[in-house]
J.: 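Pasting a structure below so you can have a look.
Each chain gets a letter, A, B and so on, in the order its sequence line appears, and its residues count up from 1. The model shown is predicted, which means the values in this text are computed figures rather than measured ones.
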Amino acid sequence: MPELPEVETVRRGLAPAMEGARLVKVEARRPDLRFPFPKDFAKRLAGQTVTGLGRRAKYLLADLSSGEVLLMHLGMSGSFRVEKSGESATPGEFHYPRGEAGKHDHVIFRMSSGYTVIFNDPRRFGFMKLIPRGRLEEEPHLAPLGPEPLGNRFDAETLAQSLAGKKTSLKAALSDQKVVAGLGNIYVCEALHRSHLSPKRKASTLADRKSGPNDMTRSLVDAIRFVLNEAIKAGGSSLRDHRQTTGELGYFQHHFRVYDREGTNCTTPGCKGKIKRIVQTGRSTFYCPVCQR
DNA sequence: CCGCGGGCCTGAGAGC
DNA sequence: TGCTCTCAGGCCCGCG
């Protein structure tokens with residue numbers, strides 16, 4: 001499910017419920033998600049205070065007073081919702097505190113703030129893991145990640161450098177979390193359209209080794225930043241699973257220019273193209289064959 | 001080393 | 001209505 005904007009939306013929704021609050025009771029309602037839960041998972045968490053809630057790429061990191069970090073990933077279909085003591089955040093939709101846990105509600109955090117935080121994940125591609133803060137650098141999920149696209153270490157120079165010598169398509173390269181961390185299928189497609197670059201273009205053609213990055217690379221960096229920022233403002237994109245922690249939908253899907261818009265007219269001013277769907281490395285790519293070169 | 005295809009899971013939607 | 005098939009926002013592993 002979630003790419004960077006959805007995960008950031010989730011982080012912002014969870015922060016008021018979790019930051020500075022103690023985990024009063026933790027419940028893992030099954031033995032595993034993508035991986036088995038750590039040994040004594042619930043017991044180790046109970047009583048800890050969440051001192052901060054951060055994000056790296058598509059991962060959430062809750063800093064704990066114990067000195068450990070709770071690393072959480074939403075996989076394809078994971079979502080969190082926050083409910084206040086006995087009341088559902090969206091009336092009529094969620095009722096955990098009053099009744100039974102819903103289907104696929106796998107982890108429940110009862111917070112001293114009076115909020116209950118519930119992790120739901122039908123496909124169970126998500127996971128939770130506890131890591132000592134000192135070993136965060138070597139954590140296998142985090143160590144290989146490239147720069148944060150919204151951070152200042154991501155620019156045309158670094159992007160050009162990581163694309164140099166890459167034989168794959170631009171689409172595949174941008175989906176690679178080592179190149180830039182946090183993009184997925186949707187936002188790669190959207191950023192490429194907005195920078196008028198073809199997903200089929202060889203990645204290395206963006207890197208001009210002698211004279212440094214070219215205008216194409218610059219416009220791609222700008223498009224990536226723009227699209228992600230706009231999507232965060234919109235609360236992410238809700239296609240199937242993504243919800244904000246209140247249960248509300250995100251609405252960036254209404255701003256898609258190519259994703260899931262096969263056959264529609266290209267929205268680039270003056271462009272007469274129609275959006276096309278192709279398959280690259282096993283995933284759908286949407287683009288305009290006319291204005292994306 | 002690199003790039004690709006398969007697999008992990010469940011659910012939604014299309015077509016018959 | 002109900003079956004079967006395809007596809008889905010991520011990521012890891014093994015193969016060539």
J.: Quick one: which residue pairs count as a ring-ring contact (aromatic ring centres under 6.0 Å, His included) with a foot in residues 265-284 of chain A, not counting sequence neighbours?
T.: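 Listed once each, the pairs would be none.
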J.: Taking ring pair (Phe, Tyr, Trp, His ring centres under 6.0 Å) as the definition, give me every residue that meets it alongside A/Y115, ordered by chain and number, with sequence neighbours left out.
T.: none
J.: Can you measure A/M76 atom CE to C/dC11 atom P for me and round it to whole angstrom units?
T.: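 Value for this atom pair: 10 Å.
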J.: How far, in whole Å, is B/dC9 from C/dC3 if one measures between their P atoms?
T.: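 Going atom to atom, P in each nucleotide, I get 24 Å.
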J.: Rounded to whole Å, please give me the gap between CD in A/E262 and P in B/dA14.
T.: 14 Å
J.: What residues, two or more places apart in sequence or in another chain, satisfy ring pair (Phe, Tyr, Trp, His ring centres under 6.0 Å) together with A/F286?
T.: A/Y259
J.: According to the 5.5 Å centroid and 30° plane-angle thresholds, does A/F125 stack upon the nucleobase of C/dC11?
T.: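 Here A/F125 fails the 5.5 Å or the 30° condition.
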J.: Test of understanding: with ring pair (Phe, Tyr, Trp, His ring centres under 6.0 Å), list the residues that count as partners of A/F119, not counting sequence neighbours.
T.: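 Partners of A/F119 by the ring pair (Phe, Tyr, Trp, His ring centres under 6.0 Å) criterion, ordered by chain and then number, come out as A/F80.
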J.: Atom CG of A/N120 and atom P of B/dG11: how far apart are they, to the nearest Å?
T.: 10 Å
J.: Please identify each residue that fulfils ring pair (Phe, Tyr, Trp, His ring centres under 6.0 Å) with A/H73, with sequence neighbours left out.
T.: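 Only A/Y59, A/F127 meet the ring pair (Phe, Tyr, Trp, His ring centres under 6.0 Å) criterion with A/H73.
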J.: Give every pair of a protein N or O atom and an N or O atom of nucleotides 2-6 of chain B that lie under 3.5 Å apart, one pair per line with the distance.
T.:
from, atom 1, to, atom 2, distance (Å)
B/dG3, OP1, A/K167, N, 3.3
B/dG3, OP1, A/T168, OG1, 3.4

J.: Could you check whether atom CG of A/N152 has more than 12 heavy atoms from other residues, nucleotides or ligands sitting under 6.0 Å from it?
T.: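 Atom CG in A/N152 is not crowded, with 12 or fewer foreign heavy atoms closer than 6.0 Å.
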J.: Let's test your reading of the pairing rules: Watson-Crick or G-U wobble, both distances under 3.5 Å, then write DNA chain C as a dot-bracket string with ( ), [ ], | and dots.
T.: .|||||||.|||||||
J.: Please give, in whole Å, the distance from B/dT10 C1' to A/R34 CZ?
T.: 15 Å
J.: In this structure, how many angstroms lie between the C1' atom of B/dT10 and the CG atom of A/D32, rounded?
T.: 14 Å
J.: Hey, is the main chain of A/L145 close enough, under 3.5 Å, to the side chain of A/R56 for a donor-acceptor pair?
T.: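 It does hold such a pair.
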J.: Does A/K103 make a side-chain N or O approach to OP1 or OP2 of B/dT10 shorter than 4.0 Å?
T.: no
J.: Regarding A/S198 and A/Q292, is there a side-chain donor-to-acceptor distance under 3.5 Å anywhere?
T.: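 Absent: no donor and acceptor within the cut-off.
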J.: With a 4.0 Å cut-off on heavy atoms, is A/S237 in touch with a base, just the backbone sugar-phosphate, or nothing at all?
T.: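 Base: the residue A/S237, judged by heavy atoms under 4.0 Å, touches a nucleobase.
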J.: Under 4.0 Å from OP1 or OP2 of B/dC8: is there any side-chain N or O of A/R123 that close?
T.: no
J.: Is any side-chain N of the basic residue among A/D105 and A/R81 closer than 4.0 Å to the acidic one's carboxylate O?
T.: yes
J.: So, does A/H104 get its side chain near the phosphate of B/dC9, meaning an N or O under 4.0 Å from OP1 or OP2?
T.: no
J.: Using the side-chain hydrogen bond (donor to acceptor under 3.5 Å, both in side chains) criterion, which residues pair with A/E190? Sequence neighbours excluded.
T.: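 Listed in chain order: A/R194.
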J.: For the side chain of A/Y59, counting heavy atoms from C-beta on, which of C/dG10, C/dC7, C/dC12 is nearest?
T.: C/dC12
J.: Could you give the CG-to-P distance, from A/L183 to C/dG10, as a whole number of Å?
T.: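 So the CG-P distance, A/L183 to C/dG10, works out to 10 Å.
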J.: Does OP1 or OP2 of C/dC11 have a side-chain N or O of A/H73 closer than 4.0 Å?
T.: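 For C/dC11, OP1/OP2 do have a side-chain N/O of A/H73 under 4.0 Å.
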J.: Rounded to the Å, how far apart are A/D241 CG and C/dG10 P?
T.: 12 Å
J.: With heavy atoms under 4.0 Å as the rule, sort A/Y259 into base, sugar-phosphate or nothing.
T.: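 Sugar-phosphate only.
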J.: A/R124 has a side chain; which of B/dC9, C/dA8, C/dC11 sits nearest to it?
T.: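 Nearest to the side chain of A/R124 among the choices is B/dC9.
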J.: Using nucleotides 3-5 of chain C, report all nitrogen or oxygen pairs with the protein that are shorter than 3.5 Å.
T.:
none

J.: If you look at every strand shown and take non-hydrogen atoms under 4.0 Å, does A/R283 touch a base, only sugar-phosphate, or nothing?
T.: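 If one applies the 4.0 Å heavy-atom cut-off, A/R283 turns out to touch a base.
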J.: Rounded to whole angstrom units, what separation is found between the CG atom of A/L33 and the C1' atom of B/dC8?
T.: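 Going from A/L33 (CG) to B/dC8 (C1'), I get 13 Å.
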J.: For A/E157, check salt bridge (Lys or Arg N to Asp or Glu O under 4.0 Å) against everything at least two apart and list the hits.
T.: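 Salt bridge (Lys or Arg N to Asp or Glu O under 4.0 Å) check on A/E157 returns nothing, list empty.
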J.: Which residues satisfy the side-chain hydrogen bond (donor to acceptor under 3.5 Å, both in side chains) test with A/K25, sequence neighbours excluded?
T.: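 If we apply the side-chain hydrogen bond (donor to acceptor under 3.5 Å, both in side chains) test to A/K25, skipping adjacent residues, there are no hits.
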J.: Excluding sequence neighbours, so at least two apart, what forms side-chain hydrogen bond (donor to acceptor under 3.5 Å, both in side chains) with A/H141?
T.: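 Per chain and number, A/H141 pairs via side-chain hydrogen bond (donor to acceptor under 3.5 Å, both in side chains) with A/E139.
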